[in-house]
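Per chain, numbering begins at 1; letters A, B, ... match sequence-line order. On a predicted model such as this, the values are computed, not experimentally measured, just so you know.
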Amino acid sequence: MALRVYNTLTSEKELFVPLIPGRVGMYVCGVTVYDYCHIGHARAGIVFDIIYRYLKYAGYDVTYVRNYTDIDDKIINRANQEGTDYRTIADRYIEAFDEDMASLGLAKPTVEPKATDHIGGIISIIEALIAKGHAYVSAGDVYYAVETFTGYLKLSGRNLEDMQAGARVEVGDKKRHPMDFALWKGSKPGEPWWHSPWGNGRPGWHIECSAMSMEFLGKTFDIHGGGKDLVFPHHENEIAQSEGANGCQFVRYWLHNGFVNINAEKMSKSLGNFFTIRDVLKTYDAETLRFFILSAHYRSPLDFSDQNLDEARSGLERINSCLAALDEIVAEQSAPRAPAPAGALAEVGLELQEKADQFLPRFTEAMDDDFNSALALGVLFETVRCTNRFIAETKEMTQASLALISRIRGLFAEAGGVLGLFSTAPAVWLEGLKAAKAGGISMAPDEIERLIVERAEARAAKNFKRGDEIRDLLLENGIQLLDSAQGTTWNVK
RNA sequence: GGCGCGUUAUCCAAGAGGCUAGGAGCCGGUCUGCAAAACCGUUAACGUCGGUUCGAAUCCGACACGCGCCUCCA
């Protein structure tokens with residue numbers, strides 16, 4: 001097993017070698033807690049969730065840190081709008097964030113620090129930067145002098161001259177260089193503040209991540225993640241701060257997830273084209289959303305639309321139907337009336353056995369290749385197809401075929417654990433899907449049942465015309481009839 | 001203007017020089033009174049123009065289109 005990851009710093013896939021063998025330190029930028037999270041946040045959360053899960057699955061002892069930015073202009077603005085204090089806003093949206101991530105089925109990070117709990121560490125780093133000549137005090141603020149750090153912009157591959165040519169940089173009179181950024185901001189009246197050697201104030205945005213990552217992961221650690229939009233300025237500034245203060249490499253591997261798009265445009269607050277996680281979860285369940293996100297590579301853009309979500313749901317339904325069938329076979333066997341007969345596997349069984357043998361090697365090969373979840377899902381689907389064929393073509397379950405079935409089921413559970421899928425029992429998931437769809441119909445269940453009985457009677461009397469009329473009537477109301485040997489049930493189309 | 005990414009069949013999507021990706025759909029089959037559902041099977045593609053190579057979706061160049069970052073952003 002040889003994990004390779006795409007490192008933004010080098011623009012290449014590299015062999016992943018942790019600093020300390022067997023251990024991984026990983027820091028991912030969380031959110032600024034001033035509003036509900038949207039699907040873009042969900043993607044970042046889910047992407048790094050499976051990276052976290054896969055690293056653990058690969059045997060690493062992972063320390064995963066994801067922060068809350070709980071002090072920031074936006075939080076203060078929101079508090080002012082509502083006539084309350086920043087803490088109330090921050091705590092409210094921390095709680096909402098936790099709820100959203102839990103409903104998405106994210107594993108809890110090892111540590112979830114808050115910026116405001118690390119003011120001491122922030123001040124220490126700023127002091128070190130001033131001492132080394134990387135930062136300067138200016139009228140109650142402290143700024144980072146970007147020209148003093150030779151590696152500045154190495155992550156985003158730009159240079160200062162070109163950046164300024166962009167001409168959208170404001171020249172603040174407090175700054176020596178227009179690209180200098182605030183490490184500490186003197187507080188204005190009415191704003192929250194902390195004591196510091198430079199007067200009362202609060203930290204700039206970027207410094208908290210340098211402080212918290214160093215606190216929990218040390219001066220140099222393995223993986224730092226976040227959305228692509230954080231590359232500049234946030235991560236670039238983190239590098240300048242941490243490497244400037246510590247004089248050693250900050251992060252070995254930089255991982256960045258792609259955006260969620262709406263009609264090929266980035267989903268964002270400023271464009272107003274966003275959907276919150278809680279709104280989407282009213283229509284689509286968490287596993288469907290996760291499956292949708294996993295169906296594309298984490299660095300690619302991902303277009304969010306009902307059609308794409310529906311397709312994801314169909315795909316997940318296919319896998320869950322197969323797993324439910326496996327569960328049923330296993331359950332039947334748990335109380336057998338007679339022991340299953342012996343006998344060798346037929347040809348389709350041998351083929352499935354080979355799929356089972358290849359399953360984990362292919363799955364890990366896909367995930368080892370920069371967490372290629374889309375390719376990994378392909379392995380699942382191929383196995384599903386072969387399994388369905390095996391079930392359809394196997395007339396009598398022998399001991400060998402039953403053993404194969406439970407083996408396949410176990411493999412899906414194992415892969416599901418890494419991908420965060422199938423945590424809901426497949427049969428339960430399928431029931432939930434049916435119930436969710438049933439919410440949108442106009443016909444009362446009693447009426448449906450009455451019509452089904454009438455149709456059954458008509459069909460028994462060979463009055464197929466009347467039977468088909470009833471079937472069409474129900475279909476017009478979105479009710480799909482499912483005839484089987486056990487009778488007729490219905491579903492919402 | 002600078003830097004970067006992308007363009008794969010009807011749609012979504014993997015693919016880092018020769019090896020069936022996968023899913024949804026369409027179509028065909030099994031089942032059915034006929035259907036539906038389910039299952040099985042099958043189909044088709046590499047933006048344009050050049051170049052390198054025995055061989056290119058994959059490497060190189062140009063062009064076109066789309067997107068992102070350069071301002072808070074996952």
Side-chain angles (χ1 to χ4, degrees), chain A residues 8 11-13 28-32 34 37-48 72-74 77 153 156-159 161-170 179 205 225-234 236 256-261 264-271 274 291-292 295-297 299-303 305 307-319 321-322 325 362 366 369 372-382 384-385 388-389 391-393 459 462-465 467-468 471-472 474-475 479-485 488-491 493:
Chain A
T8 308
S11 305
E12 280 176 2
K13 272 188 208 170
V28 174
C29 291
V31 291
T32 301
Y34 73 103
C37 287
H38 58 63
I39 295 304
H41 301 111
R43 183 176 195 192
I46 288 169
V47 161
F48 287 101
D72 174 86
D73 288 348
K74 291 190 173 185
N77 290 342
L153 303 180
S156 50
R158 310 160 199 245
N159 63 66
E161 291 72 43
D162 292 338
M163 297 286 288
Q164 288 175 87
R168 275 209 278 177
V169 182
E170 272 180 48
M179 293 299 291
W205 172 37
K228 266 194 165 74
D229 46 0
L230 296 182
V231 173
F232 183 88
H234 185 53
E236 206 70 74
H256 293 99
N257 66 277
F259 300 130
V260 176
N261 291 342
E265 277 191 323
K266 179 184 173 181
M267 179 185 291
S268 73
K269 283 276 169 60
S270 46
L271 288 170
F274 63 91
F291 191 88
F292 166 65
S295 69
H297 190 270
R299 285 188 282 115
S300 311
L302 183 60
D303 220 58
S305 69
Q307 189 198 324
N308 290 348
L309 265 291
D310 287 343
E311 278 192 14
R313 186 158 64 183
S314 299
L316 184 57
E317 189 177 1
R318 177 175 167 81
I319 297 178
S321 299
C322 175
R362 292 178 70 202
D369 185 13
N372 193 337
S373 55
L375 184 58
L377 290 181
V379 176
L380 302 205
F381 276 115
E382 279 186 45
V384 163
R385 189 178 52 202
N388 281 335
R389 200 151 43 105
I391 293 173
E393 291 181 17
R459 292 177 72 207
K462 301 271 188 237
N463 185 356
F464 295 122
K465 184 164 174 291
D468 291 352
R471 185 170 71 199
D472 292 344
L474 286 166
L475 197 58
I479 314 292
Q480 191 166 62
L481 293 183
L482 306 173
D483 291 335
S484 75
T488 300
T489 57
W490 58 277
N491 212 336
K493 196 171 165 60

- Item | Integer-rounded Å distance: B:rA74 P and A:K269 NZ | 7 Å
- Item | Rounded distance (Å) that lies between atom P of B:rC72 and atom NZ of A:K266 | 12 Å
- Message: Across nucleotides 9-14 of chain B, 5' to 3', mark each nucleotide with B, S or - according to how protein heavy atoms within less than 4.0 Å reach it.
- Response: --BSSS
- Less than 3.5 Å between a donor and an acceptor, one on the side chain of A:N261 and one on the base of B:rG66, is that the case here? no
- Message: In this structure, how many angstroms lie between the P atom of B:rA35 and the CG atom of A:D468, rounded?
- Response: 10 Å
- Message: Minimum heavy-atom separation for A:C322 and A:V384, please, with both atom names.
- Response: CB-CG1, 3.8 Å
- Message: What's A:R158 touching, base or sugar-phosphate or nothing? Going by heavy atoms closer than 4.0 Å.
- Response: base
- Message: Looking only at the side chain of A:H41 (C-beta and beyond, no hydrogens), which of the listed nucleotides B:rG41, B:rA74, B:rA24 gets closest?
- Response: B:rA74
- Message: Measuring only the C1' atom in each nucleotide, how far is B:rG18 from B:rG55? A whole number of Å is fine.
- Response: 7 Å
- With distance as the sole test, does A:K228 use its side chain to make a donor-acceptor pair with the main-chain N or O of A:R299 at under 3.5 Å? yes
- Query: Counting N and O atoms only, with roles assigned by atom type, does the side chain of A:Q480 sit under 3.5 Å from a partner on the main chain of A:N491, one being a donor and the other an acceptor?
  - Reply: no
- Atom CG of A:L481 and atom C1' of B:rU32: how far apart are they, to the nearest Å? 14 Å
- How would you label the contact of A:R385 with the nucleic acid (heavy atoms, under 4.0 Å): base, sugar-phosphate, or nothing? sugar-phosphate
- B:rA13 and B:rC46, which share atom name C1', separated by this distance in whole Å: 13 Å
- Expressed as a whole number of Å, how far does the C1' atom of B:rU48 sit from that of B:rU7? 11 Å
- Message: Using a 4.0 Å heavy-atom cut-off, does A:G30 contact any base of the nucleic acid, only the sugar-phosphate backbone, or nothing at all?
- Response: sugar-phosphate
- Rounded to whole angstroms, how far apart are CG on A:L309 and C1' on B:rG23? 15 Å
- At under 4.0 Å between heavy atoms, what does A:K228 touch on the DNA or RNA strands: base, sugar-phosphate, or nothing? nothing
- Message: Rounding to an integer number of angstrom, what distance separates B:rG68 and B:rU10 when you compare their C1' atoms?
- Response: 28 Å
- What nucleic acid atoms does A:F232 come within less than 4.0 Å of, heavy atoms only: base, sugar-phosphate, or nothing? sugar-phosphate
- Can you say whether the rings of A:H38 and A:F274 are parallel (under 30°), tilted (30 to 60°) or perpendicular (over 60°)? tilted
- Step by step, work out the side chain to side chain contact (heavy atoms under 4.5 Å, CB included) result for A:Y34 and A:N77. CA-CA 9 Å; A:Y34 73 103; A:N77 290 342; over 6 Å; no
- Message: Side-chain N or O of A:R459 versus OP1/OP2 of B:rC34: is the shortest distance under 4.0 Å?
- Response: no
- Rounded distance in Å between the C1' positions of B:rU53 and B:rC67: 33 Å
- Message: Please classify the nucleic acid contact of A:F48 as base, sugar-phosphate, or nothing, using heavy-atom distances under 4.0 Å.
- Response: nothing
- In Watson-Crick or G-U wobble terms, both distances under 3.5 Å, what is the partner of B:rA24? B:rU10
- Separation of the P atoms in B:rG2 and B:rG23, to the nearest angstrom: 44 Å
- Mate of B:rA56 across any strand shown (Watson-Crick or G-U wobble, both atom pairs under 3.5 Å) is none
- Message: Starting the side chain at C-beta, find the nucleotide from B:rG68, B:rG41, B:rC72 nearest to A:E265.
- Response: B:rG68
- Query: Can you tell which of B:rA74, B:rC40, B:rG15 lies closest to the side chain of A:D369?
  - Reply: B:rG15
- Message: Heavy atoms from C-beta onward define the side chain here; which of B:rG2, B:rA36, B:rC34 lies closest to that of A:Q480?
- Response: B:rA36
- Would you classify A:V31 as touching base, sugar-phosphate or nothing, given that sugar-phosphate means primed atoms plus P, OP1 and OP2, and contacts are heavy atoms under 4.0 Å? sugar-phosphate
- Quick one: on RNA chain B, does A:K465 or A:N388 contact a more 5' nucleotide (nearest heavy atom)? A:K465
- Give a yes/no verdict on base stacking between B:rG33 and A:F464: centres under 5.5 Å, planes within less than 30° of parallel. yes
- Task: Please state the P separation for the pair B:rA24 and B:rG41 - nearest whole angstrom.
- Result: 12 Å
- Item | Salt-bridge criterion met for A:E382 and A:R362 (N-O under 4.0 Å) | yes
- Task: Kindly indicate, with the supporting measurements, whether the criterion side chain to side chain contact (heavy atoms under 4.5 Å, CB included) is fulfilled by A:L153 and A:F232.
- Result: CA-CA 8 Å; A:L153 303 180; A:F232 183 88; 3.5 Å; yes
- Message: Under a 3.5 Å cut-off for both contacts, is B:rC72 paired Watson-Crick or G-U wobble with anything, and if yes, with which nucleotide?
- Response: none
- Item | Residue whose nearest RNA chain B nucleotide is more 5′ - A:C29 or A:R362 | A:R362
- Look only at the side chain of A:N308 and the backbone of A:D303, and say whether a donor-acceptor pair between them is shorter than 3.5 Å. yes
- Item | For atom NE2 of A:H234 and atom C1' of B:rC70, their distance in whole Å | 17 Å
- Query: Does A:D483 come within less than 4.0 Å of A:R471, counting only side-chain N to carboxylate O?
  - Reply: no
- Looking at A:V231 and A:T8, what are the two nearest heavy atoms and their distance? CG2-CG2, 4.4 Å
- Name the pairing partner of B:rC31, where a pair is Watson-Crick or G-U wobble with both distances under 3.5 Å, or state none. none
- Item | Protein-nucleotide distance (A:E382, atom CD; B:rG41, atom P), rounded to Å | 11 Å
- Which part of the nucleic acid does A:L230 contact within heavy-atom distance under 4.0 Å: base, sugar-phosphate only, or nothing? sugar-phosphate
- Query: Reckon A:K462 touches a base, only the sugar-phosphate, or nothing at all at heavy-atom distances under 4.0 Å?
  - Reply: nothing
- Message: Using a 4.0 Å heavy-atom cut-off, does A:K74 contact any base of the nucleic acid, only the sugar-phosphate backbone, or nothing at all?
- Response: base
- Message: Can you check the distance between B:rG4 and B:rA62, where both ends of the measurement are the P atom (answer in whole Å)?
- Response: 12 Å
- Check the distance between B:rC69's C1' and A:L271's CG and give it to me in whole angstrom. 14 Å
- Query: Any idea which heavy atoms bring A:A374 and A:S295 closest together, and the distance?
  - Reply: CB-O, 3.3 Å
- Task: Can you check whether any acceptor in the base of B:rA37 is under 3.5 Å from a donor in the side chain of A:D483, or vice versa?
- Result: no
- Task: State which of B:rC39, B:rA37, B:rA35 makes the closest approach to the side chain of A:R471.
- Result: B:rA35
- Paired to B:rC46 by Watson-Crick or G-U wobble criteria (both distances under 3.5 Å) is none
- Query: How is A:G40 classified with respect to the nucleic acid when contacts are heavy atoms under 4.0 Å: base, sugar-phosphate, or nothing?
  - Reply: base
- Taking a pair as Watson-Crick or G-U wobble with both distances under 3.5 Å, which nucleotide is matched to B:rG66? B:rC5
- Heavy-atom pair of closest approach, residues A:G40 and A:M267: N-SD, 3.8 Å
